[in-house]
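Computed from heavy atoms alone, side chains included, the values below leave out hydrogens, waters and symmetry copies.
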Amino acid sequence: MQRAAAHPLEGEEADEIRTDRLVLRKARPDDLDQLHAIFTDAETMAHWSTPPHKTLKESRDWLQSMIEGSGMARADYIIEKDGEVLGKVGPFKLPELGVLVRRDQWGQGIGFEAMSAIIAYLRERSFPYLVADIDPANKASVRLFEKLGFAQSGYKKNAMLYDGKPVDSVYMRKEL
């Protein structure tokens with residue numbers, strides 16, 4: 001997978017991005033309980049980069065790192081609908097980004113709507129391209145990124161260990 005060199009992004013960082021149904025906003029300390037419920041759900045976390053969180057401290061530390069992130073390189077947002085936290089969307093480290101949606105919201109277009117908004121936001125700031133690193137067993141995520149216009153740019157067998165087990169990666173890329 002190709003990684004971007006530091007790229008200056010244009011424009012101000014948005015505290016909030018709105019879509020028809022969603023508010024993408026910066027993380028807050030009071031998101032902890034709702035995020036912890038997502039991060040401890042084994043099915044939701046089955047294809048994430050880390051296993052489900054075992055402790056509230058693990059989720060608190062993760063949330064704190066999201067809150068403390070700054071600048072466009074940390075354009076990471078909470079997905080909210082009607083005051084409920086549905087997940088998160090944004091870059092792991094630009095140009096790599098992803099989305100995590102609460103399991104009871106799967107199949108409702110939440111990931112597509114949130115990702116479309118983030119892609120438009122980054123395009124407006126002159127970012128040249130985006131990439132995703134996806135577990136190929138996560139067929140829904142592969143389909144989502146294809147629907148968003150990403151194309152496969154690579155594949156690596158045993159790319160990482162997930163909970164002690166080797167997992168492959170399919171790399172996808174979208175020119176902006």
Those residues that, when tested against [X], pass salt bridge (charged side-chain N to carboxylate O under 4.0 Å, His left out) (two or more places apart):
X	answer
D104	R102
R143	none
K165	none
K157	D168

Say you draw a straight line from [atom1] of [X] to [atom2] of [Y]; how long is it, rounded to the nearest 0.5 Å?
X	Y	atom1	atom2	result
I119	L148	CD1	CG	4.5 Å
E13	R125	CD	CZ	9.5 Å
K93	E96	NZ	CD	9.0 Å
K57	L32	NZ	CG	12.0 Å
M66	D76	CE	CG	4.0 Å
L122	L97	CG	CG	7.0 Å

[X]: which residues meet the side-chain hydrogen bond (donor to acceptor under 3.5 Å, both in side chains) condition with it, sequence neighbours left out?
X	result
R21	E113
D82	none
Q64	E68
R18	E16

Quiz item: Got a sec, which pairs hit salt bridge (charged side-chain N to carboxylate O under 4.0 Å, His left out) with one end in residues 42-55, sequence neighbours left out?
Solution: E43-R103
Report yes if some heavy atom in the side chain of [X] is under 4.5 Å from a heavy atom in the side chain of [Y]; otherwise report no.
X	Y	answer
K81	E84	no
L94	L130	yes
K26	I78	no
M172	I134	yes
P29	I67	yes

Quiz prompt | side chain to side chain contact (heavy atoms under 4.5 Å, CB included) evaluation trace for R123 with F127 | solution = CA-CA 6 Å; R123 181 182 292 121; F127 205 78; over 6 Å; no
Practice problem: Kindly determine whether V99 and I110 satisfy side chain to side chain contact (heavy atoms under 4.5 Å, CB included), including the steps that lead there. | Solution: CA-CA 10 Å; V99 62; I110 301 297; over 6 Å; no
Quiz item: ring pair (Phe, Tyr, Trp, His ring centres under 6.0 Å) with F145: which residues, sequence neighbours excluded?
Solution: F150
Practice problem: Quick one: do L100 and T44 satisfy side chain to side chain contact (heavy atoms under 4.5 Å, CB included)? Show the steps, please. | Solution: CA-CA 8 Å; L100 182 68; T44 299; 3.7 Å; yes
For [X] and [Y], indicate whether the former's side chain and the latter's backbone hold a donor-acceptor pair under 3.5 Å.
X	Y	answer
W106	V101	yes
S141	N138	no
Y162	W48	no

Self-check item: From CA spacing to verdict: salt bridge (Lys or Arg N to Asp or Glu O under 4.0 Å), E58, R60
Solution: CA-CA 5 Å; E58 193 175 356; R60 183 181 297 113; over 6 Å; no
Considering all heavy atoms of both residues, which atom of [X] and which atom of [Y] are nearest to each other, and what is their separation?
X	Y	answer
P136	V170	CD-N, 4.0 Å
L161	P166	CD2-N, 3.6 Å
A159	S169	CB-OG, 3.3 Å
L24	A114	CD1-O, 3.8 Å

Practice problem: Determine whether V23 and I118 fall in the same hydrophobic cluster, where Ile, Leu, Val, Met, Phe, Trp and Tyr are linked whenever their side-chain heavy atoms lie under 4.5 Å apart. | Solution: no
Quiz prompt | Within residues 27-40 or reaching into it, pairs that qualify as side-chain hydrogen bond (donor to acceptor under 3.5 Å, both in side chains) - sequence neighbours excluded | solution = R25-D31, R28-D30, H36-S59
Quiz prompt | From L86, V89, I17, residue fulfilling side-chain contact (heavy atoms from CB on, under 4.5 Å) relative to L22 | solution = L86
Self-check item: Whether H53 and F39 hold their rings parallel, tilted or perpendicular, with breakpoints at 30° and 60°
Solution: tilted
Quiz item: Relative to Y129, does K174 satisfy both conditions: NZ or CZ under 6.0 angstrom from the six-membered ring centre, and within 45 degrees of the ring's axis?
Solution: no
Quiz prompt | side chain to side chain contact (heavy atoms under 4.5 Å, CB included) between F112 and K147, intermediate numbers included | solution = CA-CA 8 Å; F112 182 82; K147 187 175 176 184; 3.7 Å; yes
Exercise. Check side chain to side chain contact (heavy atoms under 4.5 Å, CB included) between A137 and all other residues, then give those that pass, not counting sequence neighbours.
Key: H47, D135
